[in-house]
Amino acid sequence: MSHNIRYVYKNESGITFFWSEPKSYLYDKVQLIFRDIGFYLSIQEIKDFYNCIQEARSNTSTNGCSNCNGNKECRSILLQTPAKQVDLAVSFSELSGIEDLIKGTLFQIELQHYVINLSAN
């Protein structure tokens with residue numbers, strides 16, 4: 001049985017893809033790679049990760065990171081992940097990159113589901 005990699009979304013911060021059977025366009029888990037860390041997440045876990053990003057972003061507003069004139073590359077933001085045992089220390093720019101990666105991934109997945117459902121009707 002051969003598996004193929006189907007890319008979902010890519011930016012400077014990372015990449016998302018899924019493992020699929022040949023000729024299959026539906027999937028239940030997506031591989032998300034950021035830095036040297038890989039997550040294998042369901043669609044719901046990706047949505048949960050987006051909520052974690054939004055929470056971390058709101059925390060940066062209250063603790064002053066978003067208004068900091070210092071180095072935007074310091075990893076002073078604690079980002080929770082859908083893996084409850086794993087939190088990431090990220091910079092403000094990394095947080096923005098992960099947010100784009102997650103938003104782009106969700107958009108591509110929803111678009112693919114829409115096209116599949118449209119063609120089925």
Practice problem: Please tell me if the side chains of F49 and T81 come closer than 4.5 Å, counting only heavy atoms from C-beta onward. | Solution: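 In short, these two side chains touch, coming nearer than 4.5 Å.
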Practice problem: Check whether any side-chain heavy atom of V30 sits under 4.5 Å from a side-chain heavy atom of L41, and report yes or no. | Solution: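 SC-SC contact between V30 and L41 ruled out.
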Practice problem: Using the side chain to side chain donor-acceptor pair (under 3.5 Å) rule, pick out the option among D100, T16, T105 that qualifies with Y9. | Solution: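 When side chain to side chain donor-acceptor pair (under 3.5 Å) is applied between Y9 and each of D100, T16, T105, only D100 qualifies.
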Quiz item: How close do Q80 and D87 get, heavy atom to heavy atom, and via which atoms?
Solution: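 Distance-wise, the nearest heavy atoms are CA-OD1, 3.3 Å.
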Quiz item: If you look at every heavy atom in K10 and L101, which pair is closest and at what distance?
Solution: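 Scanning both residues, the minimum pair turns out to be CA-CD1, 4.5 Å.
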First locate atom [atom1] of [X], then atom [atom2] of [Y], and finally report the distance between them rounded to the nearest 0.5 Å.
X: E55; Y: N59; atom1: CD; atom2: CG; value: 5.5 Å
X: Q108; Y: Q112; atom1: CD; atom2: CD; value: 8.5 Å
X: I77; Y: I53; atom1: CD1; atom2: CD1; value: 11.0 Å
X: L32; Y: Y40; atom1: CG; atom2: OH; value: 13.0 Å
X: E45; Y: N51; atom1: CD; atom2: CG; value: 12.5 Å
X: S96; Y: E12; atom1: OG; atom2: CD; value: 12.0 Å

Self-check item: Residues Y114 and E110: side-chain donor-acceptor under 3.5 angstrom
Solution: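 The answer is no; no qualifying pair exists.
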Exercise. For the residue pair D48 and Q44, confirm or rule out a side-chain donor-acceptor distance under 3.5 Å.
Key: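 The answer is yes; a qualifying pair exists.
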Self-check item: Shared hydrophobic cluster for L78 and Y50 (ILVMFWY, side-chain gaps under 4.5 Å)
Solution: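 As far as the 4.5 Å side-chain criterion goes, Y50 and L78 are not connected within one cluster.
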Quiz item: Taking S42 for the side chain and K29 for the main chain, is one N or O donor matched with an acceptor at less than 3.5 Å?
Solution: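 Checking the backbone N and O of K29 against the side chain of S42, no donor-acceptor pair under 3.5 Å is found.
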Quiz item: Tell me, which pairs form a salt bridge (Lys or Arg N to Asp or Glu O under 4.0 Å) where one or both residues lie in residues 30-39, sequence neighbours left out?
Solution: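 Sorted result for residues 30-39: R35-E94.
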Quiz item: Under 6.0 Å from the six-membered ring centre of F92 and within 45° of its axis: does the NZ or CZ of R57 meet both?
Solution: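 Satisfied, under 6.0 Å and within 45°.
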Quiz item: Does CZ in F107 sit with more than 12 non-hydrogen atoms of other residues, nucleotides or ligands closer than 6.0 Å?
Solution: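 Atom CZ in F107 is not packed in, count stays at 12 or less.
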Quiz item: Ring centroid separation for F18 and Y7, is it under 6.0 angstrom?
Solution: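 Centroid separation for F18 and Y7: 6.0 Å or greater.
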Self-check item: Residues forming a side-chain contact (heavy atoms from CB on, under 4.5 Å) with S13, sequence neighbours excluded
Solution: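 Only N11, F34 meet the side-chain contact (heavy atoms from CB on, under 4.5 Å) criterion with S13.
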Practice problem: Would you check, one step at a time, whether the test side-chain contact (heavy atoms from CB on, under 4.5 Å) holds for F39 with Q31? | Solution: CA-CA 6 Å; F39 293 96; Q31 187 79 48; 5.8 Å; no
